[in-house]
Asker: 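First the structure, then my questions, so here it is.
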2 protein chains.
Amino acid sequence: MASARRISGPCRAWPADSAFIREVLDRIGDKWTVLTIGTLGAGGPLRYSDLQASIPGISQRMLTQTLKHLERDGLITRTPYAEVPPRVEYELTDLGRSLMDAVTAMVGWAATHHSEIAGNRAASELTGVGRVRSAVSAPTG
Amino acid sequence: MASARRISGPCRAWPADSAFIREVLDRIGDKWTVLTIGTLGAGGPLRYSDLQASIPGISQRMLTQTLKHLERDGLITRTPYAEVPPRVEYELTDLGRSLMDAVTAMVGWAATHHSEIAGNRAASELTGVGRVRSAVSAPTG
DNA sequence: CTGTATCCCTGAGGATACTG
DNA sequence: CAGTATCCTCAGGGATACAG
């Protein structure tokens, strides 16, 4: 047990214990973050209310929080205009755009394979493969 | 080609309302899923206990659930051997490997930029930019 | 060894009301 | 318009015990 890692069995070539994996997931694993980045990437500078309108279902709380996180990490810029009524515009930085590219790739993968996945899932339903919980459906003796 | 990418105000060019975006996120947004796929991708066929050992911190519940989800979607195969003691091996399918590639790209992005992000975040701490909650730190007025 | 079933707690996030 | 503050729900997921 105390011996180092068992190279022969499990392979530790992957940074499963690396903190930055977690960092990525915290970023792109949040659907609002992805949707926000995608929306900004597609639409150039957008203001708060435009973002809210463009991302169906997002709450003020989540939009604000997401924007702050993204700004904090340097993925977007926040530009307030000292006029009335108040106006604030958000825009992707270069860093943000680079993430956008990676995200787009993921979305591309999803677009390509999601029907296949759906098919597999449907098939699994029939065969009972991969059933997570022991189904409420009693076998009806 | 839809040149209708012109944007005035909110842009709906992004499938922010598409269900399959959500599907992807449900998949790759889960850290255990990513770690599991990564581990399987790096180490060939692995058994249950090897996976558990290779993914620090994962609980039996989560490992089982993750594996079932992945199997159900056709991303991995589950191969039980009728011997004693019981042995079950998990392995990526081609579909799973294709997702692995996309995930690897994301991880690559993270590896490349995470120090930059960390820097931005640290800088933001100093300037107070992007503060999510109104800081406990009273301005010592 | 390979799971399954339960309990339980934390915190993500929606709804709502208020401010500058 | 552009947020902030608060309440409250509910489900993700850890710990644990049990089964084949």
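By convention in this document, chain letters (A, B, ...) are assigned in the order of the sequence lines, proteins followed by strands, and residues within each chain are numbered from 1.
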Asker: What distance do A:Lys68 atom NZ and A:Leu63 atom CG have between them, rounded to the nearest 0.5 Å?
Answerer: 11.5 Å
Asker: Check the distance between D:dT9's P and A:Arg61's CZ and give it to me in whole angstrom.
Answerer: 15 Å
Asker: To the nearest 0.5 Å, what is the distance between CD1 (B:Ile55) and OG1 (B:Thr66)?
Answerer: 7.5 Å
Asker: Applying a 4.0 Å non-hydrogen cut-off, can you work out what B:Thr64 is touching in the nucleic acid: base, sugar-phosphate, or nothing?
Answerer: base
Asker: Which nucleotide sits closest to the side chain of B:Met62: D:dG13, C:dG13, D:dA2?
Answerer: D:dG13
Asker: Between B:Gln52 (CD) and D:dT16 (C1'), how many Å, whole number?
Answerer: 13 Å
Asker: Would you kindly give the CD1-to-C1' distance between A:Ile58 and C:dG14, to the nearest whole Å?
Answerer: 12 Å
Asker: Taking only the side-chain heavy atoms of B:Gln60 (C-beta and beyond), determine which of D:dG3, C:dG13, D:dA17 contains the nearest atom.
Answerer: D:dA17
Asker: A:Ser49 side chain N/O closer than 4.0 Å to the phosphate oxygens (OP1, OP2) of D:dA2?
Answerer: yes
Asker: How would you label the contact of A:Tyr90 with the nucleic acid (heavy atoms, under 4.0 Å): base, sugar-phosphate, or nothing?
Answerer: sugar-phosphate
Asker: Rounded to the nearest Å, what distance is computed from the OH atom of residue B:Tyr48 to the P atom of nucleotide D:dA19?
Answerer: 17 Å
Asker: In Å and rounded to the nearest 0.5 Å, what is the CG to CD1 distance from A:Leu99 to A:Ile76?
Answerer: 11.5 Å
Asker: If you only use heavy atoms from C-beta on, which nucleotide in C:dT2, D:dA2, D:dG14 is closest to the side chain of B:Pro86?
Answerer: C:dT2
Asker: Which one, D:dC1, C:dT2, C:dA15, comes nearest to the side chain of A:Pro85?
Answerer: D:dC1
Asker: Rounding to a whole Å, what distance do you find between A:Lys31:NZ and C:dA12:P?
Answerer: 15 Å
Asker: With a 4.5 Å cut-off on side-chain heavy-atom distances among I, L, V, M, F, W and Y, is there a chain of contacts connecting A:Val129 to A:Ile117?
Answerer: no
Asker: Provide, to the nearest angstrom, the distance between the CD1 atom belonging to A:Ile55 and the C1' atom belonging to C:dG13.
Answerer: 15 Å
Asker: B:Arg47 side chain N/O closer than 4.0 Å to the phosphate oxygens (OP1, OP2) of C:dT2?
Answerer: yes
Asker: Separation of A:Asp30 atom CG from C:dG13 atom C1', in whole Å?
Answerer: 10 Å
Asker: If only side-chain N and O atoms of B:Arg78 are considered, is one of them under 4.0 Å from the OP1 or OP2 phosphate oxygen of C:dG3?
Answerer: yes
Asker: Among C:dC1, C:dG14, D:dA2, which nucleotide has an atom closest to any side-chain atom of A:Arg87?
Answerer: D:dA2
Asker: Measure CD/B:Gln65 against C1'/D:dG13 and give the value in whole Å, please.
Answerer: 8 Å
Asker: Just compare C:dT2, C:dG13, D:dG3 and give me whichever is closest to any side-chain atom of A:Lys68.
Answerer: D:dG3
Asker: When you check the side-chain N and O atoms of A:Tyr90 and A:Thr36, is any donor under 3.5 Å from an acceptor?
Answerer: no
